[in-house]
Amino acid sequence: MNALLLSALLSLLPFTELRFAIPYAIARGVDPLAAFFVCVLGNVLVIPLVFLFLDHIHSKLLKIRLYEKLSESVLRRIRPKSVKVKRKIALYGFPALVLFVSFPLPVTGAYTGTTIAWLLDLERRKSFVAIAIGIAIAGIIITLISSGILLL
């Protein structure tokens with residue numbers, strides 16, 4: 001499979017997102033700029049998909065015991081972060097959501113950012129923009145590190 005296409009697919013997955021997709025693409029010889037744009041676009045596509053899932057499918061799946069347990073396990077990890085983000089959003093507005101998503105660390109990507117926005121019932125358009133900006137910033141950081149331009 002084409003490395004760029006596989007990277008785009010990896011950017012859609014919750015455990016890989018940009019943190020793995022961009023370095024994978026660059027390691028496979030893909031131009032860093034192309035890797036950045038394709039993976040960021042793929043990761044941004046996650047936002048409406050997660051909102052759609054949480055709004056319409058999640059409640060129906062809660063009737064399945066295994067899904068309910070798994071869902072509660074995931075939400076239990078996200079809820080404490082959402083309370084912290086809610087306080088920050090109350091203080092600093094949507095830039096706090098941008099900042100949260102922009103740190104390329106585990107559990108700070110598009111999935112968690114969108115789930116937090118959903119849990120806090122934040123305005124969708126502003127949340128989408130804030131999360132997308134955060135994804136772009138995370139993508140820049142990961143691309144610079146993966147290209148050897150930024151050393152940590």
Side-chain angles (χ1 to χ4, degrees), residues 1-61 67 70-71 73-75 77-86 88-89 92-152:
M1 183 182 284
N2 178 317
L4 192 57
L5 176 61
L6 184 54
S7 299
L9 293 174
L10 289 170
S11 72
L12 291 167
L13 298 175
F15 297 106
T16 54
E17 291 192 71
L18 297 178
R19 291 176 299 279
F20 185 80
I22 291 173
Y24 172 81
I26 292 172
R28 302 286 289 178
V30 174
D31 176 64
L33 200 55
F36 168 80
F37 281 112
V38 168
C39 293
V40 165
L41 178 62
N43 204 219
V44 167
L45 290 175
V46 165
I47 304 167
L49 294 175
V50 172
F51 275 136
L52 178 71
F53 174 81
L54 291 171
D55 286 342
H56 302 290
I57 301 167
H58 172 70
S59 61
K60 291 174 179 50
L61 290 176
Y67 177 82
L70 186 62
S71 172
S73 169
V74 169
L75 290 176
R77 285 187 304 191
I78 292 174
R79 277 192 186 106
K81 291 182 187 314
S82 69
V83 171
K84 291 176 186 174
V85 172
K86 184 175 186 175
K88 301 273 189 218
I89 289 172
Y92 305 111
F94 281 88
L97 188 56
V98 171
L99 194 60
F100 176 80
V101 175
S102 69
F103 283 105
L105 300 170
V107 199
T108 62
Y111 283 90
T112 305
T114 307
T115 303
I116 287 171
W118 178 78
L119 283 170
L120 300 177
D121 199 27
L122 301 176
E123 195 212 314
R124 294 291 165 88
R125 286 185 184 168
K126 287 183 180 179
S127 296
F128 180 91
V129 171
I131 296 164
I133 291 169
I135 290 169
I137 293 169
I140 290 167
I141 294 168
I142 294 166
T143 302
L144 292 174
I145 291 170
S146 299
S147 300
I149 297 168
L150 180 65
L151 301 175
L152 296 179

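Smallest separation of non-hydrogen atoms from Ala35 and Leu4: CA-CD1, 4.1 Å. Between Cys39 and Ile22 the shortest heavy-atom distance is CB-CG1, 3.6 Å. Closest non-hydrogen pair, Gly113 versus Val101, comes out as CA-CG2, 3.9 Å. For Thr114 against Ala110, the heavy-atom pair with the smallest separation is OG1-O, 2.7 Å. For Pro104 against Ser102, the heavy-atom pair with the smallest separation is CD-O, 3.1 Å. Across all their heavy atoms, Arg28 and Ala3 have their closest contact at CB-CB, 3.6 Å.
Going from atom CD1 of Ile131 over to atom OH of Tyr111 covers 12.5 Å, rounded to the nearest 0.5 Å. Rounding to the nearest 0.5 angstrom, the gap separating the CG atom in Asp31 from the OG1 atom in Thr143 is 10.0 Å. How far CD1 of Ile26 is from OG of Ser147: 4.0 Å, rounded to the nearest 0.5 Å. The OG atom of Ser7 lies 10.5 Å from the CG atom of Leu18; values are rounded to the nearest 0.5 Å. Note: His56 NE2 to Leu61 CG = 13.5 Å, rounded to the nearest 0.5 Å. Between atom CD1 of residue Ile145 and atom CD1 of residue Ile140 there is a gap of 12.0 Å, rounded to the nearest 0.5 Å.
Looking at heavy atoms from C-beta onward, Asp55 lies in side-chain contact with Trp118 at the 4.5 angstrom threshold. Proximity of Ile135 to Val46: side-chain heavy atoms (C-beta onward) are nowhere separated by under 4.5 Å. Taking the side chain as every heavy atom from C-beta outward, Ile142 and Pro23 approach each other to under 4.5 Å.
The number of heavy-atom neighbours closer than 6.0 Å to OH of Tyr67, taken from other residues, nucleotides and ligands shown, is above 12. Residue Phe37 places its CZ atom among 12 or fewer non-hydrogen atoms of other residues, nucleotides or ligands, all under 6.0 Å distant.
Of the possible polar contacts, one joining the Asn43 side chain to the Ser11 backbone as a donor-acceptor pair under 3.5 Å is found.
The stretch residues 102-111 participates, sequence neighbours left out, in no salt bridge (charged side-chain N to carboxylate O under 4.0 Å, His left out) pair at all.
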Kindly determine whether Leu12 and Leu9 satisfy side chain to side chain contact (heavy atoms under 4.5 Å, CB included), including the steps that lead there. CA-CA 5 Å; Leu12 291 167; Leu9 293 174; 4.2 Å; yes
